[in-house]
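Report on the structure given below.
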Amino acid sequence: MNYTDFSKNVLNWYSANKRDLPWRCKNNSQKDPYKIWVSEIMLQQTTVATVIPYYKKFLEKWPNIEKLSKSNVNEVLDFWSGLGYYRRAKNLHLTSKIISNQFNGIFPLEKNEIIKLPGVGEYTAAAIRAIAKDEKDTVVDANIERVIARIFYLKKPIKQIKKEIKQNAEKLTPKLSNGDYIQALMDIGSLICTPKDPTCDNCPIEKFCITKKKNAVNEIPKKIIKNDKPVREGIVYWIKNKNNQILLKRREENGLLPGMLEFPSYNWSKNKINENDKKILSIKNTKKLEKKVMHEFSHFKLLLTIYEINKFNKNSINGMWVGIDEINQLGLPTLMKKVYQQVMEI
DNA sequence: AACGCGGGGTC
DNA sequence: GACCCAGCGTT
């Protein structure tokens, strides 16, 4: 295969067809590693359409590393509400502190430095370096994995051939304009070389594609049959004081939904029970509501039963007491938004 | 190498 | 419903 021709086709297609995305600037001199980094963190395992509104609001709120480093980590966590993988928010905040304190506020782009930043792994390091500086790092995301698997007709499930995919991707990496090139491949993967029924007629690299020649585009990449998710059951407390306020608390720093706000909830997460939790669990006169909440995490389903406590009047419980009307403005994870919705419907 | 880690878009 | 997404960190 003529690899120069391959990347040339990709880049020509990009200049005419690239998606208009808020983290892409028209003028290369405006490239800001901070903005590229924020976009790449948000886009980890998250679709472009979901990220766009969050990205715009994030940059309005924290337009540079300095502003972000002076924020409170809970602000960033609450902002992340609904986006998922909340450790990303913690790492984003932590990294802004590191860059502010150890790198004089200048975003480090050297490979050995960027890869050490919390939340930046092999993919993200390569992507930021390529997009910000046109470094020739080989970048492989979920889109590019699929494109490469099809171009080279790799028949095994992607999980099993990560190394082979990267080696093949490396052969195609151009000497110039690698930033545009990888973004182009991602656009091609997202718009044309889709998981189901790719529109090969529109593909600028169709002539290089062995899978297309073999007429097997819906067989590559090979899918893995997933097991059903187990169901866990737990309880969640809707605790109201005599001022009609509801009790919320922050979760443990590690594990599921780390540091996020929740209505006290137990028996389903591996988070340890601390003294404050024991106090909550010892509250008497709870009333079981008929309503339940079903929520799906990445690796299990959760069925929560809601218990209600009214006119709770002890003040030895640590947490936030919040008026019912103000709960909507907080940054709750989706699971807890569902609990709120259920109680409001009763 | 395998697993824990969310949530929403899309058909 | 099922599938998938600009992956990372830990074990």
Side-chain angles (χ1 to χ4, degrees), chain A residues 18-19 21-24 36-55 77 80-92 94-95 114-131 137-147 157-163 166 169 179 181-191 193-198 218 221-230 232 251-260 269-271 294-302 331-338:
Chain A
K18 66 178 162 187
R19 289 178 287 181
L21 302 174
W23 46 88
R24 287 182 179 167
I36 297 167
W37 166 63
V38 171
S39 73
E40 288 299 340
I41 299 295
M42 281 191 176
L43 286 160
Q44 287 168 1
Q45 290 293 283
T46 311
T47 50
V48 165
T50 302
V51 165
I52 287 174
Y54 281 90
Y55 175 82
L77 275 171
W80 218 258
S81 159
L83 203 48
Y85 290 118
Y86 295 94
R87 196 170 55 186
R88 295 184 292 176
K90 294 181 56 162
N91 284 336
L92 212 51
L94 175 58
T95 295
I114 191 173
I115 196 70
K116 289 182 199 156
L117 299 175
V120 175
E122 194 181 347
Y123 162 79
T124 304
I128 295 175
R129 280 165 50 79
I131 295 170
D137 301 34
T138 306
V139 178
V140 180
D141 78 319
N143 288 305
I144 298 178
E145 277 174 350
R146 186 172 56 254
V147 173
I158 282 175
K159 262 190 185 320
Q160 297 174 16
I161 50 168
K162 296 267 184 185
K163 206 178 251 178
K166 177 145 193 192
Y181 168 80
I182 59 141
Q183 293 182 85
L185 270 195
M186 289 190 257
D187 279 11
I188 290 168
S190 176
L191 300 172
C193 196
T194 48
K196 257 192 190 174
D197 303 323
N218 275 330
K222 187 168 170 59
K223 284 166 201 144
I224 305 176
I225 296 163
K226 286 177 187 155
N227 296 327
D228 288 346
K229 292 177 183 177
R232 296 187 205 167
R251 292 175 58 79
E252 295 286 327
E253 288 304 307
N254 295 308
L256 207 54
L257 307 176
M260 296 299 286
S269 174
K270 285 173 186 164
N271 286 343
M294 180 64 104
H295 184 73
E296 203 161 326
F297 288 103
S298 49
H299 54 301
F300 68 95
K301 295 177 185 175
L302 176 63
L332 297 183
T334 299
L335 164 65
M336 293 297 154
K337 285 183 184 168
K338 288 183 184 175

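Labels below follow one simple rule: chain letters A, B, ... track the order of the sequence lines, proteins then strands, and each chain is numbered from 1. Fair warning: this is a prediction, and the values are worked out from it, not measured in the lab.
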*Derivation and outcome, salt bridge (Lys or Arg N to Asp or Glu O under 4.0 Å), residues A:R19 and A:D187*: CA-CA 7 Å; A:R19 289 178 287 181; A:D187 279 11; 2.7 Å; yes
*Using a cut-off of less than 4.0 Å, is there contact between a side-chain N or O of A:Y85 and OP1 or OP2 of C:dG9?*
no
*Close side-chain approach of A:T138 to A:K166, heavy-atom, < 4.5 Å*: yes
_Base, sugar-phosphate or nothing for A:A142? Non-hydrogen atoms, less than 4.0 Å._
sugar-phosphate
*Taking OP1 and OP2 of B:dG4, is either one under 4.0 Å from a side-chain nitrogen or oxygen of A:H299?*
no
_OP1 or OP2 of B:dC5 under 4.0 Å from side-chain N/O of A:R88_ = no
_Atom-pair distance (CG on A:N227; C1' on B:dC3), nearest Å_ = 13 Å
*Just checking A:S39: base, sugar-phosphate only, or nothing, at a heavy-atom cut-off of under 4.0 Å?*
nothing
*Looking only at side-chain atoms of A:R146, point me to the closest of B:dG9, C:dC4, C:dC5.*
C:dC5
*Map A:K196 and A:K270 onto DNA chain B by nearest heavy atom, then report which one ends up closer to the 5' terminus.*
A:K270
*Does A:Q44 put a side-chain nitrogen or oxygen below 4.0 Å from OP1 or OP2 of C:dG7?*
no
_Expressed as a whole number of angstroms, how long is the span from A:I52:CD1 to C:dA6:P?_
11 Å
*Interatomic distance, A:N218 CG vs C:dC3 P [rounded to whole Å]*: 14 Å
_Donor-acceptor check, side chain of A:T95 to backbone of A:P118, threshold 3.5 angstrom: yes or no?_
yes
*Validation row: A:K222, A:I158 side chains within 4.5 angstrom (heavy atoms)*: no
*asked:* Once you apply a heavy-atom cut-off of 4.0 Å, does A:E296 come out as touching a base, just sugar-phosphate, or nothing?
replied: nothing
_Closest to the A:F297 side chain, choosing from C:dA6, B:dG6, C:dG7_ = B:dG6
*asked:* Of the options C:dC3, C:dA6, B:dG9, whose atoms approach the side-chain atoms of A:Y123 most closely?
replied: C:dA6
_d(CG, A:L117; P, C:dG7) in whole Å_ = 18 Å
_Rounded interatomic separation in angstrom, taking NZ from A:K159 and C1' from B:dG4_ = 11 Å
*Have a look at A:L257 and say if it touches a base, only the backbone sugar-phosphate, or nothing, with a 4.0 Å heavy-atom cut-off.*
sugar-phosphate
*Whole Å only: how far is the CZ atom of A:R87 from the C1' atom of C:dC8?*
6 Å
*Please give, in whole Å, the distance from B:dG7 C1' to A:F300 CZ?*
13 Å
*Using a heavy-atom cut-off of under 4.0 Å over every strand shown, decide if A:W37 touches base, sugar-phosphate, or nothing.*
nothing
*If you measure from the C1' atom in B:dG6 to the same atom in C:dC3, how many Å do you get, rounded?*
15 Å
*Between A:Q45 and A:P195, which is nearer to the 5' end of DNA chain C once each is assigned its nearest nucleotide?*
A:P195
*Decide yes or no on side-chain contact (heavy atoms from CB on, under 4.5 Å) for A:W23 and A:L43, but give the supporting numbers first.*
CA-CA 11 Å; A:W23 46 88; A:L43 286 160; 3.7 Å; yes
*A:R24 side chain to A:L21 main-chain N or O, any donor-acceptor pair under 3.5 Å?*
no
*asked:* With a 4.0 Å limit, can you tell me whether A:S298 has a side-chain N or O closer than that to the phosphate oxygens OP1/OP2 of B:dG7?
replied: no
*Could you check if a side-chain atom of A:T46 sits within less than 4.5 angstrom of a side-chain atom of A:L83, using non-hydrogen atoms only?*
yes
_Using a 4.0 Å heavy-atom cut-off, does A:V139 contact any base of the nucleic acid, only the sugar-phosphate backbone, or nothing at all?_
nothing
_Any A:H295 side-chain N or O less than 4.0 Å from OP1/OP2 of B:dG7_ = yes
*According to a strict under-4.0 Å criterion, is A:T46 in side-chain N/O contact with OP1 or OP2 of B:dG7?*
no
_Whole angstroms only, please: what is the NZ-P distance between A:K337 and B:dG8?_
7 Å
*Determine the Euclidean distance between corresponding P atoms of C:dA6 and B:dG4; express it in Å to zero decimal places.*
24 Å
